[in-house]
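Below you'll find the structure, written out as structure tokens, and then a few comments.
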There are 2 protein chains.
Amino acid sequence: MLQNGNYEAIFSRIPIYIEYLKTYEEEYISATIIANSLGLGEVQVRKDLAKISFGGKPKIGYEVKSLLDDLSSYMGFDKLTKAVIVGMGRLGEALFHYLGFDRINLKIVAAFDVCDKYNSLDEFKSICEKHNVKIGIITVPEESAQATADLMVSSGIKAIWNFSSSSLKVPNNILVKNENMANSLSVLIRLMNNL
Amino acid sequence: MLQNGNYEAIFSRIPIYIEYLKTYEEEYISATIIANSLGLGEVQVRKDLAKISFGGKPKIGYEVKSLLDDLSSYMGFDKLTKAVIVGMGRLGEALFHYLGFDRINLKIVAAFDVCDKYNSLDEFKSICEKHNVKIGIITVPEESAQATADLMVSSGIKAIWNFSSSSLKVPNNILVKNENMANSLSVLIRLMNNL
DNA sequence: TGTATATCGATAAAGATATATCGATATAAC
DNA sequence: GTTATATCGATATATCTTTATCGATATACA
Ligand SMILES: NC(=O)c1ccc[n+]([C@@H]2O[C@H](COP(=O)([O-])OP(=O)(O)OC[C@H]3O[C@@H](n4cnc5c(N)ncnc54)[C@H](O)[C@@H]3O)[C@@H](O)[C@H]2O)c1
Ligand SMILES: NC(=O)c1ccc[n+]([C@@H]2O[C@H](COP(=O)([O-])OP(=O)(O)OC[C@H]3O[C@@H](n4cnc5c(N)ncnc54)[C@H](O)[C@@H]3O)[C@@H](O)[C@H]2O)c1
């Protein structure tokens, strides 16, 4: 199942480095500059980079271009990842039209719903197999979430991004990332009340 | 600024306990049952509960009702929290109509957009002050995000839930939680490619 | 009443993550 | 050339988080 919540902390920083580096015009950049720009510790930045890329030069820093390449391929952004989405209601529509997945090289190749404006679920398996789809996005109502997950698993999908608040039962080799918005917001409420 | 990403880990587990407990019919529950149902370690559950609630009884467990109360008030769900949302495009609409915020006792009291179907930004400050709004949700395009944040700060908002991928500059006493969906999904891509 | 057991809480150990310190080095300035 | 300095990488320390262990206790049952 691998129902993760806490991943290696570094994984969530790399995309931030990448975004920042894309805006950086010089040929070289130091860990100090990255750290200060992003509000992180410079030792942490240096350690992250050391883990992924080749060394920087004292007094100079890291070469931006090759750093970007290394970070991107570390995250898997160098390869196109294909996804499908099931449940084309308000949230599904929003995600389907969102342009921001481009920069992580993710493409939503098909959208499914019970309503016939979209691909029918009958075609789900064949479309997934044809495109070798790896990621399934679940934006159906709670009560349909488990059935949708089952369909995804039986269609060869390897990872599920779940926006319903159902906790899905899936085989051990399938990744599930729950994107529970209310829970995420509640962390903010808690922190706020603490101040 | 408090531009957090890694909060106390416990904060993100409490809402999960709460959801689970709401479905639990018995009068008492043990850490063992919670842990097994949610795929967590039982020592971890016991430690979390010990931090927040009064003790359980050996061989019996914790009283569900009072546990729920304690966890809810720890998270701040016992008080109504008011939010506003700015940017009523696809994502803004989805969030505005989402019913799941009820269970964390959050109410979106007003929705703003440049389009006149919604509240006008001219009224932003007065509405926020009138309702004593604490949380601002940003779902405007990138280029308007910082201006929106500024408006929120100057209208007395204490915490911002930011869906744009701009990194916002705000005063030190304002909380910002970036909900960068592409970055979140990229963690899943990374984990998947690792298997 | 005594024994077995599920469970708790406390303490200890392990693991993960973040921060601090410092010598080495590449460049720049003198 | 020598010196000053920004930066790196390595090592050490600190903090946070999770997991393991174990004695104490409330109940169930013989
Ligand atoms: N709207 C939000 O901001 C938001 C936020 C967080 C989580 N969610 C969750 O995301 C899910 C969708 O939310 P929404 O607001 O878009 O709801 P919605 O009602 O607008 O959309 C649900 C869509 O799923 C379709 N559907 C229903 N059963 C289906 C099935 N078996 N197979 C395929 N499609 C099916 C419906 O036709 C509809 O188009 C819900 O589980 C909700 O709790 C929504
Ligand atoms: N759609 C998604 O699934 C998704 C996912 C993650 C992040 N985002 C981000 O959320 C934001 C909104 O995305 P969307 O898909 O809803 O876009 P959208 O274009 O559908 O909606 C943007 C809305 O903001 C309004 N707007 C523009 N400038 C404004 C201003 N200054 N003040 C108030 N309203 C203003 C527009 O009128 C429009 O209604 C973007 O920053 C996007 O990158 C979207």
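Note that the coordinates shown come from a computational prediction; the quantities given were computed from them, not determined experimentally. Every chain is numbered from 1 and lettered A, B, ... according to where its sequence line falls, protein lines coming before strand lines. In what follows, every heavy atom counts, from backbone to side chain, and hydrogens, waters and symmetry copies are set aside.
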For the backbone of B:Ser120 and the side chain of B:Glu123, can you confirm whether one donor and one acceptor N or O come within less than 3.5 Å of each other? yes
Parallel under 30°, tilted from 30 to 60°, perpendicular over 60°: which one fits the rings of A:Tyr24 and A:Tyr20? tilted
Can you check whether B:Tyr62 has a side-chain N or O nearer than 4.0 Å to OP1 or OP2 of C:dA6? no
Determine whether B:Met192 and A:Ile135 make a side-chain contact, defined as any pair of heavy atoms from C-beta on separated by less than 4.5 Å. yes
Is there a side-chain polar atom (N or O) of B:Ser30 under 4.0 Å from OP1 or OP2 of C:dT7? yes
Measure from CD1 on A:Ile10 to C1' on D:dC16 and round the result to the nearest Å. 18 Å
Where the side chain of A:Ala9 is defined as all heavy atoms beyond and including C-beta, which of D:dC8, C:dT7, C:dT17 is the nearest nucleotide? C:dT17
Find the distance A:Leu40:CG to C:dT19:C1' and express it as a whole number of Å. 13 Å
Using a strict heavy-atom distance below 4.0 Å, which residues from residues 14-27 of chain A are in contact with DNA chain D? none
Ionic contact status for B:Glu19 with B:Arg103, cut-off 4.0 Å: yes
May I ask you to say whether A:Lys51 pairs ionically with A:Glu8, meaning some side-chain N is under 4.0 Å from a carboxylate O? yes
Gap between atoms CD and P, on A:Gln44 and C:dT19 respectively (whole Å): 6 Å
Quickly work out the B:Ile33 CD1 to C:dT7 P distance and round it to whole Å. 6 Å
Check whether any side-chain N or O of B:Ser155 sits under 3.5 Å from a backbone N or O of B:Ile157 as a donor-acceptor pair, and report yes or no. no
Does C:dA26 have OP1 or OP2 under 4.0 Å away from a side-chain N or O of A:Tyr28? no
At under 4.0 Å, does any side-chain N or O of B:Arg46 touch on OP1 or OP2 of C:dT11? no
Do any of residues 47-61 of chain B sit with a heavy atom less than 4.0 Å from DNA chain D, and if so which? B:Lys47, B:Pro58, B:Lys59, B:Ile60
Aromatic A:Tyr98 / basic B:Arg90 pairing, under 6.0 angstrom, 45° off normal: no
Separation of C:dA18 P from B:Glu8 CD (nearest whole Å): 14 Å
Using the ring centroid of each side chain, check whether B:Phe112 and B:Phe124 are separated by less than 6.0 Å. yes
Do A:Ile33 and A:Ile60 land in one hydrophobic cluster if side-chain heavy atoms of ILVMFWY residues count as linked below 4.5 Å? no
I want to verify a distance call: between C:dT19, C:dA10, C:dT7, whose nearest atom is closest to the A:Val43 side chain? C:dT19
A:Glu42 CD to D:dG9 C1', straight-line distance once rounded to whole Å: 13 Å
